[in-house]
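What's counted below: heavy atoms across the whole structure, side chains too, no hydrogens, waters or symmetry copies. Lettering of chains follows the sequences in order, A, B, ..., and the numbering in each one begins at 1.
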Amino acid sequence: MATETVSLQKERTYERFPLARRIEHVVMLLSFTTLGLTGLIQKFALSPVSVFLVNVLGGIENVRNIHHFAAIILMFGTMYHIIVLGYKMYVLRIPLSMLPGFQDAKDALQALLYNIGFAKSRPQMGRFTFEEKAEYWAFVWGTVVMGVTGFLMWNPITSAKFLPGEFIPAAKAAHGGEAVLAVLAIILWHMYGVHIRSFNKAMWTGKMTEQNMLHEHPLELADIKAGIANRRPDDMTIRKRQKIFFPVATVLALGMLAGIYGFINTEKTALTTIPPQEGEQVQIYVPQTATPRPTSTPTTVPSPTLAVTPSAETTPGTPSAVISWDGSVGPLFKEKCLMCHGASKSGGLNLSTYADAMKGGEAGVVFTAGDSANSLMIVKFESGKHPYAELTADELALIKAWLDAGAVEK
Amino acid sequence: MRRLKMAHAVPLLAGLMLVALVIAIANSDEVRAAPHPSQVTAPARVDNSVCLSCHSKPDFNLTLPNGDNLPLTINQDKFSQSVHGENQMACTDCHTDFTGYPHPALEAKSRRDIATTYYTTCEQCHSEQYNKVLDSVHQRALAGGNKNAAVCTDCHNPHEQTRITDKQTGKILITAKLHIPQTCAKCHSGIYDTYKKSVHGAALTELGNLDVPTCIDCHGVHNIQDPTTVQFRNDTPQLCAKCHANATLMRAYGLSTNILNTYVADFHGTTVTLFEKTSPDQPTNKPVCTDCHGIHDIANVDNPQTGIALRKNLLVKCQRCHPNATDNFPAAWMSHYVASPDKYPLVFYVNLFYKFFIPAVLGGMAVFVVTDFIRRLIERRKGVTH
């Protein structure tokens, strides 16, 4: 037994995947991984991991561009796969070893029964095991679903011309659901079947040892040994078939290329203007009044003011209409001036009493009896040098009349 | 052990106090004036009656060099009812350069000159608000030479401003809230006219409804920011969600609170939200709330003329960015609905399908994987190679 193992290590290997298939696998692997990563962070966009990754990848628009690019690669990969498959089916007429059949169901059942101890041996399988077929067809199904729903999302305006609008969010739901399924299935099924159970390097080396062939694909090995596998048709037949296949494949390829082109370029979904600026256009500064100062227009508060006009001042019935300090001028000063020119004697002037008023202030006498024009007070007011204490024209006239009449006390 | 506990207790206590302090500061939203320096140091204040002996005169005006009329009359009743009057503020607390008579010469050429130079006096007591204003769009405009930009006194007449916030709770008073749009309207009357007709503005101005936002609920107060920035735009969904995702507030109006999560779940909302999180200052052409609902003219979605609950009205909005969109297209946006058998059933059933399909497929795979794994473990233990 031991010697057999040693000898088997040097033993012959069988080609399982030619280089083209291996390259195809790498391309699909990269595009699938990129799609899964950039897709899931869009589906679960607000999780902290997604936000982090979106940041790392340069923002959501960039993530979408990468996703679209990977999708285009996947489309080209699919196109290539279909043409190669066509060649093998029509020109080489190799058996359709990937097609699932009733035998696969039986194999799966037997594998399960064996695992739980109800079958004596594992199923004997051919070129592709039921596990591999399940994965292949899951990938086909996923690609179709993702392609169709992806088209609807990539071209929503065109799609909505032919389909109800609801198909677009539905496509998004299916795209997301299928993505979760595909990624989890790859992790569970592919990881276990190809990497954990036994590390199957055939997709990288292209070869499989006889020992492994015996365990994993015994029926295929038997066919190889019997010389009935990979029987090529003779060159004549191949050339004859190629003459038909190549033109057909060219048309097919052009058709698919046009499809991919349309997929990508059918529509320019949104305006690229950033941001749409047709919204509310407002004039910012539109004052309600010329000077929109909040200070309310001073309302004239009716307050008891002295009747200070000379005519009103002279009490009807009083024979002599003499303007006196006691009669009107004193009360006028009291009302208007005493706050400063009272006890506080602003500028040395005190207008509290007739006597004090006549004394004047620091600038000298302010009231010159009989000569209003030369009275300092009148001069100041008329020249506007006492702006904050305004007297109305009537009030000023009253004082002038009082001065000119001799500035009497009583 | 006891010592150890004490050693832990001190920083813990300090930490708790710090937290309490932070909470206290965070909650002190209330506009409360700091004590005026003069109330502390108490220099000789001129009694208000001194000033009012002149400034209570009716029709007391001064003509400024540019021809502006500067009213100098103080309405005593209004002042005494104002928050400054209530707090026994002296005229000279603000008019610090006026210590007696004669007053210093007035250098201002116009009323605007006076306003734009005098408002700094407010800082003495209201430094918190003042400093916020320094960071506002108004202040930037003023610094840029726009003399029309609002300063403190344009919104708050210092001689008549009554209390704005409740003394105890610090919350804005009803009367003050109702008055806000009119305050802003002094300079932004065009916007005010639009707002008045909006679903929010009409509710406030016609019905006195206080649930609706006034200007400051969206634009802030004092540190009002430029609403035309990218950042403001990207923040819009969160801004609207402040009220529209609030179940208590929305219940009274029968409005859905799913508006934010349905928006964020959609292509547009996902994009904007990610922009907001990853590059808030980068513009995106994906719509925010206001692009479909309007800004100051936000209307009821059921309005037959403009309401975007009607597909034909929504299509107009769609076509702003998607000019080729046709009748079916608006249904591609789920109108803030969560898919259900009634609304967007196809989406609902697709989701339902995957809800069962994913676990079914993975479960099936798991049965094979797990049994195979266990079987191989047993075989290995028994020494069987395969």
*Listed by residue number, which members of residues 155-163 of chain A have a heavy atom under 4.5 Å from any heavy atom of chain B?*
Pro156(A), Ile157(A), Ala160(A), Lys161(A), Leu163(A)

*Considering heavy atoms only, which positions within residues 49-56 of chain A lie below 4.5 Å of chain B?*
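The stretch touches chain B at Val51(A), Val54(A), Asn55(A).
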
*chain B: which of Ala171(A), Ala108(A), Ala111(A) shares the most heavy-atom pairs with it under 4.5 Å?*
Ala108(A)

*In terms of heavy-atom pairs under 4.5 Å, which option from Pro169(A), Gly59(A), Gly117(A), Gly193(A) contacts chain B the most?*
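Option with the top pair count is Pro169(A).
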
*Quick one: do Arg122(A) and Glu379(B) satisfy salt bridge (charged side-chain N to carboxylate O under 4.0 Å, His left out)? Show the steps, please.*
CA-CA 13 Å; Arg122(A) 291 209 164 81; Glu379(B) 284 175 0; 3.8 Å; yes

Atom pair [atom1]/[atom2] of [X] and [Y] - distance to nearest 0.5 Å:
{"X": "Phe353(B)", "Y": "Glu178(A)", "atom1": "CZ", "atom2": "CD", "result": "7.5 Å"}
{"X": "Thr270(B)", "Y": "Ile60(A)", "atom1": "OG1", "atom2": "CD1", "result": "7.5 Å"}
{"X": "Asn148(B)", "Y": "Ile284(A)", "atom1": "CG", "atom2": "CD1", "result": "13.0 Å"}
{"X": "Glu61(A)", "Y": "Leu274(B)", "atom1": "CD", "atom2": "CG", "result": "10.0 Å"}
{"X": "Asn324(B)", "Y": "Lys268(A)", "atom1": "CG", "atom2": "NZ", "result": "11.5 Å"}
{"X": "Asn261(B)", "Y": "Leu46(A)", "atom1": "CG", "atom2": "CG", "result": "10.5 Å"}

Could you tell me which portion of [X] (side chain, backbone, both or neither) has an atom closer than 4.5 angstrom to a non-hydrogen atom of chain A?
{"X": "Ala265(B)", "value": "backbone"}
{"X": "Ser279(B)", "value": "neither"}
{"X": "Val369(B)", "value": "both"}
{"X": "Met365(B)", "value": "both"}
{"X": "Pro323(B)", "value": "side chain"}
{"X": "Val264(B)", "value": "side chain"}

With chain A as the partner, which of [options] has the greatest number of non-hydrogen pairs under 4.5 Å?
{"options": "Phe357(B), Tyr192(B), Phe267(B)", "answer": "Phe267(B)"}
{"options": "Leu362(B), Val370(B), Ile378(B)", "answer": "Leu362(B)"}
{"options": "Ala366(B), Ser110(B), Ala325(B), Pro345(B)", "answer": "Pro345(B)"}

*Give the intermediate values and the outcome of side chain to side chain contact (heavy atoms under 4.5 Å, CB included) for residues Trp189(A) and Phe368(B).*
CA-CA 9 Å; Trp189(A) 195 246; Phe368(B) 278 92; 3.7 Å; yes

_Which heavy atom of Ala173(A) sits nearest to which heavy atom of Asn351(B), and what is that distance?_
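Minimum heavy-atom separation between Ala173(A) and Asn351(B): CB-OD1, 3.3 Å.
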
*Closest non-hydrogen atom pair, Tyr114(A) against Arg375(B)*: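 Looking at all heavy atoms of both residues, the shortest contact is O-NH1, 3.1 Å.
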
*I would like to know whether Tyr285(A) and Asn146(B) meet side chain to side chain donor-acceptor pair (under 3.5 Å); could you show each step before the answer?*
CA-CA 11 Å; Tyr285(A) 182 65; Asn146(B) 185 348; over 6 Å; no

*Evaluate the side chain to side chain contact (heavy atoms under 4.5 Å, CB included) criterion for residues Val347(B) and Lys172(A): first the C-alpha distance (whole Å), next the side-chain angles of each, then the deciding distance (0.1 Å), finally the verdict.*
CA-CA 9 Å; Val347(B) 179; Lys172(A) 191 179 170 221; over 6 Å; no

